[in-house]
Protein chains: 2
Amino acid sequence: MTMTDVDSTFRALADPTRRRIIQLVASRSLSAGEIASHFRATRPAISQHLGVLRSAGLLSEQRKGARRLYRAEPKALAAAIEHLQSFWPGRLEALKIEAERRERQRRDQRSR
Amino acid sequence: MTMTDVDSTFRALADPTRRRIIQLVASRSLSAGEIASHFRATRPAISQHLGVLRSAGLLSEQRKGARRLYRAEPKALAAAIEHLQSFWPGRLEALKIEAERRERQRRDQRSR
DNA sequence: CACGCTTGTAAGCTTTCACTTACGTAAGCG
DNA sequence: CGCTTACGTAAGTGAAAGCTTACAAGCGTG
């Protein structure tokens with residue numbers, strides 16, 4: 001069975017630890033050790049997660065001396081999002097907009 | 001270990017067969033047997049997939065006599081999308097809009 | 001160059017996943 | 001009421017995932 005990009009992406013996103021890793025390095029790049037320090041799991045375990053995320057294109061790696069800095073790659077995630085949105089052409093957009101409207105409404109009501 | 005909604009949703013989306021099932025019943029509801037006929041796997045296998053999708057909230061079930069009609073539940077998927085988008089506040093939206101712009105540009109160029 | 005960091009990789013183990021066959025159950029029909 | 005149709009569920013199996021400990025490799029510094 002072949003292994004498409006979409007497939008590896010969704011498989012990578014299936015693990016909660018990996019999703020948290022993406023969040024960690026979304027706005028700033030961190031070294032493997034710094035990332036690992038945020039979790040209970042051992043460092044090798046995190047290193048394997050980093051490998052999965054990287055080969056799925058969700059993380060970019062930049063070597064800086066002895067360490068490797070990881071940073072999230074938004075394009076891969078955007079691709080996954082678009083893939084999900086393509087399931088219902090148009091309808092999901094509408095749902096999201098409505099949800100935002102409700103959110104705004106609730107917020108306004110609270111701050112009144 | 002607890003099992004959050006987000007977790008079950010992403011785990012359900014990890015399987016390619018399940019993603020295809022969602023696409024199948026996105027715009028129309030189908031019976032379990034009709035869904036199964038689209039796949040090589042045996043009917044019980046598909047039935048199990050339907051169970052996973054349903055307990056993740058991605059599918060709704062409506063009993064119609066002896067059969068059960070399944071239909072995709074956009075709200076659950078929209079929640080997953082929003083969760084992904086929350087990783088990079090704002091930035092993913094920008095990426096998507098730019099991708100659409102490029103797409104439009106490419107299409108216009110082709111039809112010239 | 002030897003030693004200390006920082007990190008990935010190998011090997012092995014346990015759990016989970018997706019699948020199959022066999023069976024149970026409920027609804028329609030003659 | 002038997003019988004077929006349309007399903008889900010149980011039990012078992014092979015593969016894959018995720019974790020751990022042990023080890024190897026690269027870089028920087030004294």
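Counting only N and O atoms by type, the side chains of S31(A) and E34(A) include a donor and acceptor under 3.5 Å apart.
Ranking dC7(D), dT21(D), dA22(C) by closeness to the S31(B) side chain, first place goes to dC7(D). If you check dA27(C), dT6(C), dT20(D) against the side chain of R67(A), the one that comes closest is dT6(C). Side chain of A66(A), nearest nucleotide from dG26(D), dA22(C), dT21(D): dG26(D).
Using a 4.5 Å cut-off on side-chain heavy atoms (C-beta onward), I46(B) and T17(B) make contact. For the pair Y70(A) and L24(A), the minimum side-chain heavy-atom distance is 4.5 Å or more.
Proximity of T42(B) to the phosphate of dT20(C): a side-chain N or O atom is located under 4.0 Å from OP1 or OP2. In this structure, H49(A) does not reach the dA17(D) phosphate: none of its side-chain N or O atoms is under 4.0 Å from OP1 or OP2. At the phosphate of dT7(C), neither OP1 nor OP2 sits under 4.0 Å from any side-chain N or O atom of S47(A).
To the nearest 0.5 angstrom, L13(B) atom CG is 10.5 Å from H83(A) atom NE2.
Counting any heavy atom pair closer than 4.0 Å across all strands shown, R18(B) reaches sugar-phosphate atoms only and no base atom. Looking at heavy-atom distances under 4.0 Å, A32(A) makes contact with sugar-phosphate atoms alone, never a base. The residue Y70(B) sits close only to the backbone: its heavy atoms come under 4.0 Å of sugar-phosphate atoms, none of a base.
Rounded to whole angstrom, the span from the CD atom of E61(A) across to the C1' atom of dT6(C) amounts to 13 Å. Rounding to whole angstrom units, CD of residue Q62(B) and P of dA6(D) are separated by 17 Å. Nucleotide dA27(C) holds its P atom 15 Å from the CG atom of L69(B), rounded to whole Å. When the P atom of dT20(C) is taken as reference, atom CD of Q48(B) falls 9 Å away, rounded to whole Å. Regarding R40(A), its CZ atom lies at a distance of 13 Å from the P atom of dC19(D), rounded to whole Å. A straight line from CZ of R68(B) to P of dA27(C) spans 10 Å, rounded to a whole angstrom. Atom CG in L30(B) sits about 15 Å away from atom C1' in dC7(D), given to the nearest Å. To the nearest angstrom, C1' of dG8(C) lies 10 Å from CG of L50(A).
Nearest-nucleotide positions on DNA chain D place P44(B) closer to the 5' end than the other of P44(B) and I46(A).
A side chain to side chain contact (heavy atoms under 4.5 Å, CB included) with S29(B) is found for exactly one of K64(B), R71(B), E61(B), namely R71(B).
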